[in-house]
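One structure is given here, and the rest of the page talks about it.
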Amino acid sequence: ATRLPAGNPATRLLLVDSSTGTFQTIQRFPSDNLPPLAVTFDGYDGEVVLAVADTNVSSRIVRLRLAGTSVLAERTIGQLPANCTHLEVLDDSVCAAAIGPAGGFYRLPRFGGMPVRILAEPEAAAMTGWGPSSTSLNLAWSSTAVPARGPGFGTYDLRAGAWSLGPWNEPSLGARTVTGIGDLPTALVRQAVSFADGGFELVVYGGPGPTPIATVPPIPNGGAAAMKPLSPGSFSMRCVGSAAFPWLYGLEVWGLMPNVAMLAGPLPGDPVDLAIAPTNATSMLVFGRACGTPPPHLNSRGWPVIGNLQFAIDLSGGAPLQPTVFVAGLSDSTAAGGALLPYVLPSGCELRVAPDACLFQVSDASGNARQNLPIPNQPGLVGLRLFGQWLQSAAVPFAASEGTALVIGL
């Protein structure tokens, strides 16, 4: 996401191919007249989540559904009473860091709702998790207003609503603005942290003081506007610099020199953030919460890979001998005709999946059911994203399972 000089548009989104160094401009969308603040991908459905500056003290958060460089739809999902610095999609929520008097770490439903501030922090700066299903966040905040305390770090459990590690401050780092954090796969809880001055540090939670990460070639002041792990728990980072150094580059924080590889640039405007696009790797993610009496649960049988003719989605713990429907669709955000999801059913439970196909069954005497979904050995199916959910009509109309997001792989 890059900020353009004053005018309309103020936001430009670029689709960058880091293997070739080329980039394409994503077409305009309704909120691009506002300057960009932060961007991420929704790992469940591949949509873009973007924060733009609505005013000097508030941020609008929107979802963008893309097809290549075309924007199919924009949907406003929330308003923060502070300037957003970072976005992550975790545990069926959008998590946001924001700075200002009402700054802190916020959480709101993935498809919209009232943001809830889970931690107050005027200089909330960055966060990272371990993929969409993660329930823990590594958090970081800056120290420009109170230099003596130094930047701070910690791991917060979203479901417990409490710190699982920390928080700690690093006074030796002084007055610095954090721009990114990435958890490293080491025995100690060790984080790579980027700063607006172009510096990088290794921080060990509760351990010895931070260690600078030398960069070869060196990164100038303003050269680390944002940093994201290439994948959860990776030594490889992807970074983007501001207008002072408008390049996308890779940083290996644990390896041989040179450890910086220029990938694309110079990029237009003033880059502010980057997001790592979801891959076509095989995955099956569960989102939402089971609802009803009793709440039916969704489970998979095997992995969604081509050639797996035994792949199935199971229902367990539902009401016995009741009408049961497996709903399958190509979207978890929009149904046919443009209707927005989730849809609240008469029972108060939510339909989380576009009902492109509805497969009817009756649960067995134990409240279980199985929907076979054989996947033929066709390479053209690789990367296809599908969504599923069970519904049951029991004593309370329409109990609903969790939803699942599948990516068919090899």
Side-chain angles (χ1 to χ4, degrees), residues 85-86 88 97 99 105 119 121 123-130 134 136-156 163-242 244-245 247-263 273-274 276:
T85 57
H86 198 117
E88 290 279 328
I99 58 174
F105 296 97
L119 290 169
E121 171 49 59
E123 293 194 83
M127 62 182 80
T128 188
W130 290 271
S134 170
S136 291
L137 274 173
N138 288 314
L139 305 178
W141 50 97
S142 304
S143 58
T144 58
V146 188
R149 73 171 183 167
F153 312 94
T155 301
Y156 191 81
W163 293 102
S164 53
L165 290 170
W168 292 282
N169 287 87
E170 294 288 351
S172 64
L173 292 174
R176 297 181 79 179
T177 299
V178 174
T179 59
I181 183 171
D183 184 68
L184 303 182
T186 60
L188 297 175
V189 182
R190 184 179 275 112
Q191 310 292 324
V193 183
S194 63
F195 297 88
D197 59 16
F200 300 86
E201 301 275 347
L202 287 178
V203 176
V204 178
Y205 282 6
T211 304
I213 301 172
T215 52
V216 179
I219 301 300
N221 189 10
M227 179 188 76
K228 304 281 179 71
L230 182 59
S231 59
S234 172
F235 289 118
S236 299
M237 304 291 153
R238 291 293 179 264
C239 311
V240 69
S242 65
F245 188 70
W247 288 81
L248 174 72
Y249 57 96
L251 171 65
E252 296 294 328
V253 300
W254 205 278
L256 300 176
M257 299 296 181
N259 60 345
V260 173
M262 310 310 296
L263 301 176
D273 200 7
L274 76 155
I276 310 296

Practice problem: Report yes if some heavy atom in the side chain of His86 is under 4.5 Å from a heavy atom in the side chain of Asp273; otherwise report no. | Solution: no
Quiz item: Looking at side-chain heavy atoms only, is the closest gap between Phe235 and Asn259 below 4.5 Å?
Solution: no
Exercise. Could you tell me whether a side-chain N or O of Ser143 sits under 3.5 Å from a main-chain N or O of Arg176, the two making a donor and an acceptor?
Key: yes
Quiz item: Does some side-chain heavy atom of Pro210 sit less than 4.5 Å from a side-chain heavy atom of Leu173?
Solution: yes
Quiz item: Looking at Tyr205, Trp163, Phe153, which one forms a ring pair (Phe, Tyr, Trp, His ring centres under 6.0 Å) with Trp168?
Solution: Tyr205
Quiz item: For the side chain of Glu170 and the backbone of Val203, is there at least one donor-acceptor N/O pair under 3.5 Å apart?
Solution: no
Quiz item: Which pair of heavy atoms, one from Ala97 and one from Ala126, lies closest together, and at what distance?
Solution: CB-N, 4.3 Å
Quiz prompt | Spatial distance of atom CG (Asn221) from atom OG (Ser242) [nearest 0.5 Å] | solution = 8.0 Å
Quiz item: Is any side-chain heavy atom of Phe200 less than 4.5 Å from a side-chain heavy atom of Met237?
Solution: no
Quiz item: Under the ring pair (Phe, Tyr, Trp, His ring centres under 6.0 Å) test, which residues partner Phe195, sequence neighbours left out?
Solution: none
Practice problem: Decide yes or no for Trp141 and Thr85: does some side-chain heavy atom of the first lie under 4.5 Å from some side-chain heavy atom of the second? | Solution: no
Practice problem: Measure from the side-chain N and O atoms of Tyr249 to the backbone N and O of Gly223, and report whether any donor-acceptor pair falls under 3.5 Å. | Solution: yes
Practice problem: Over all heavy atoms of both residues, which pair between Ala140 and Phe105 is shortest? Give the atoms and the distance, please. | Solution: O-CZ, 3.5 Å
Self-check item: Shortest non-hydrogen separation from Leu274 to Lys228 and the atoms involved
Solution: O-NZ, 2.6 Å
Self-check item: Identified side-chain contact (heavy atoms from CB on, under 4.5 Å) counterpart of Tyr156 within the set Leu165, Leu139, Asn138
Solution: Leu139
Quiz item: Roughly how far, to the nearest 0.5 Å, is the CG atom of Leu202 from the OG1 atom of Thr211?
Solution: 6.0 Å
Quiz item: Any donor-acceptor pair under 3.5 Å linking the side chain of Glu252 with the backbone of Trp254?
Solution: no
Practice problem: Heavy atoms only: give me the nearest Gly199-Asp197 pair and the separation to one decimal. | Solution: N-OD1, 2.9 Å
Quiz prompt | From CD (Glu121) to OG (Ser142), nearest 0.5 Å | solution = 8.5 Å
Practice problem: Look up atom CD in Glu123 and atom CD1 in Ile99, then write down how far apart they are to the nearest 0.5 Å. | Solution: 8.0 Å
Quiz prompt | Distance (rounded to the nearest 0.5 Å) between Glu88 CD and Leu137 CG | solution = 7.0 Å
Return a table of donor-acceptor pairs under 3.5 angstrom between the side chains of residues 177-187 and protein atoms on other chains or two or more places apart.
unit_1 : atom_1 : unit_2 : atom_2 : d
Thr179 : OG1    : Ser194 : O      : 3.4
Thr179 : OG1    : Ser194 : OG     : 2.8
Thr179 : OG1    : Ala224 : O      : 2.8
Asp183 : OD1    : Gln191 : NE2    : 2.7
Asp183 : OD2    : Trp130 : NE1    : 3.3
Thr186 : OG1    : Leu188 : O      : 2.7
Thr186 : OG1    : Arg190 : NH1    : 3.2

